[in-house]
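Down below is the structure, laid out as structure tokens.
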Amino acid sequence: MHNYAPRTDEHLSIASLLSSANMQRAFRFIRDIGGELDQELVRICEIPAPPFKEGARARDLMRRFEEIGLTHIRSDQEGNVIAERRGRSTTPSIILSAHLDTVFPEGTNVRVRREGDRFYAPGISDNTCGVVSLIAVARALDAAGFETEGTVYFVATVGEEGEGNLRGVRHLFSQGEFRSGVDAFISLDGPGLERITQRALGSRRYRVTISGPGGHSWGDFGIVNPVHALGRAIARFASYPAPLAPRTSYNIGIIEGGSSVNAIPERASLLVDMRSVSNSEIDKLEAYLRRVVEIAVREENSQRAMSGTSLTSEFEQIGNRPSGETPVDSRIVQFAIECSRALGIEPRLDCSSTDSNIPISLGIPAITLGVGGISSNCHSLTEWYEPVGRELGLSRLLLLTASLAGVSV
Ligand SMILES: [Zn+2]
């Protein structure tokens, strides 16, 4: 459990905001539109959003943002959708964000099947429920007549999952329009109430390929063999003593190479995933990977030196997510804890890999929250979501947004 010391004035402001007529009206509104949110969930989920093909879902969301009265709606070069609910000033600037993409390839059946209160469909929980929460919060702020001090940006990002490599959020904070930073970034990803993700789990992924001339298993015996070298590299890599703290992991998930049992392969490759809560541990792990591959290639080359052939190796980075931490005593984390407790939610600080990795690594105050409800089988075809307790998640989000953006009560 983490200890923190809330500043008294903040504590009071959240309490008075919670009991204000406006906030209570917003909470009632959220409860009243449960059925509409269910319909929204089904409609958005049934618009496919495979990796790198989020366009249709993005266009639908632009239309919805317009309908519900958000302003300055645009999509950027990378495909992110941005809309605004302007306050009296542009600061503080608060981003509420949800990723549009799913892990499922084009052609996946995304038809939603409802059984009682449970919705079954690939992507329904990760992250259609997050996208729906953007619409719900924007509508509730309006219904309650909130006028904020700062501006709230509603952002739907592309490329959060897998090979997307956080391309949407990366763009926002590098070449995109938030490159000079914002005061708070909240990523809404999946269900649940307890977790407040303020630490970013970093990962780095590589494809390592070892290549040689290839030949006949009998006729050319004695020349270098990429598979033999790759095997040696893997054996050494797998003995790496990854620390428990800071927690670090590695996995060689795919090996490929060769074309026939009686052919010396021209190529052998592996796909490796390395993760840590610490960037420097990932650096160490990557250095070790490079060293074992170099040693394995050198051994094979020297053992087969008589043949006059040699192997080469190549590293291709296929993923890079930086790690980092939004401090527990930062305003955004303290407010998230306070708002949770004010609604009877006992929060748990958490470390995970989400869109927040990018702002966190840049020192921008960022967290990832669940939007309420329960789910299971994420990233599988049997994924389901049940909006039980969703009002509480959305109420917490409303309270947090209003607290961070500043409202007078
Ligand atoms: Zn997600």
Side-chain angles (χ1 to χ4, degrees), residues 40-41 44-54 57-58 61 78-81 95-105 108 110 112 119-137 154-173 185-203 205 273 275 319-323 336 348 350-361 366-387 390 393-394 397:
E40 198 100 62
L41 184 76
I44 297 175
C45 188
E46 291 185 344
I47 305 169
F52 298 95
K53 286 176 182 164
E54 302 95 338
R57 190 174 286 188
L61 206 61
E78 196 66 39
N80 300 306
V81 172
I95 295 184
L96 301 183
S97 174
H99 71 85
L100 288 167
D101 57 313
T102 70
V103 295
F104 302 98
T108 302
V110 289
V112 180
F119 296 86
Y120 290 82
I124 189 101
S125 155
D126 187 9
N127 185 30
T128 310
C129 72
V131 174
V132 170
S133 76
L134 296 178
I135 296 169
V137 169
F154 293 83
V155 174
T157 61
V158 294
E160 191 271 344
E161 301 285 2
E163 285 148 57
N165 198 25
L166 310 183
R167 68 190 175 95
V169 72
R170 210 181 283 272
H171 177 81
L172 286 179
F173 291 110
F185 176 91
I186 302 170
S187 172
L188 304 159
D189 202 340
L193 293 168
E194 287 81 17
R195 91 197 131 87
I196 297 174
T197 303
Q198 41 74 244
R199 277 169 299 151
L201 174 62
S203 68
R205 293 170 179 175
D273 168 78
R275 300 183 181 217
N320 184 12
R321 298 180 172 214
S323 52
R348 177 170 50 81
D350 172 62
C351 176
S352 178
S353 181
T354 67
D355 263 351
S356 289
N357 278 48
I358 297 295
I360 288 176
S361 74
I367 55 172
T368 296
L369 296 175
V371 298
I374 55 172
S375 83
S376 189
N377 303 352
C378 272
H379 291 197
S380 95
L381 295 174
T382 55
E383 185 171 335
W384 58 260
Y385 175 75
E386 198 178 314
R390 177 175 57 190
L394 294 177
L397 184 56

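Note that ligands are numbered from 1 as they come in the structure, with each ligand's atoms numbered from 1 the same way.
- Looking at Thr368 and Ser356, their side chains do bring a donor and an acceptor atom within 3.5 Å of each other.
- Applying the side chain to side chain contact (heavy atoms under 4.5 Å, CB included) rule to Val155 yields the partners Ile82, Ile95, Ser97, Tyr153, Thr157, Leu172, Phe178; only residues at least two apart in sequence or on another chain are considered.
- His99 pairs with exactly one of Thr354, Asp126, Asp355 by the side-chain hydrogen bond (donor to acceptor under 3.5 Å, both in side chains) rule, that one being Asp126.
- Residues passing the side chain to side chain contact (heavy atoms under 4.5 Å, CB included) test with Thr108 are Phe104, Pro105, Pro122, Leu381, sequence neighbours excluded.
- Applying the side chain to side chain contact (heavy atoms under 4.5 Å, CB included) test to Asp350 and every residue at least two apart in sequence or in another chain returns Arg195, Thr197, Arg348, Ser352.
- Ring orientation note: the planes of Phe173 and Phe185 are nearly perpendicular, at an angle over 60° on the 30°/60° scale.
- Protein atoms of type N, O or S found under 2.8 Å from the Zn ion (ligand 1) total 4.
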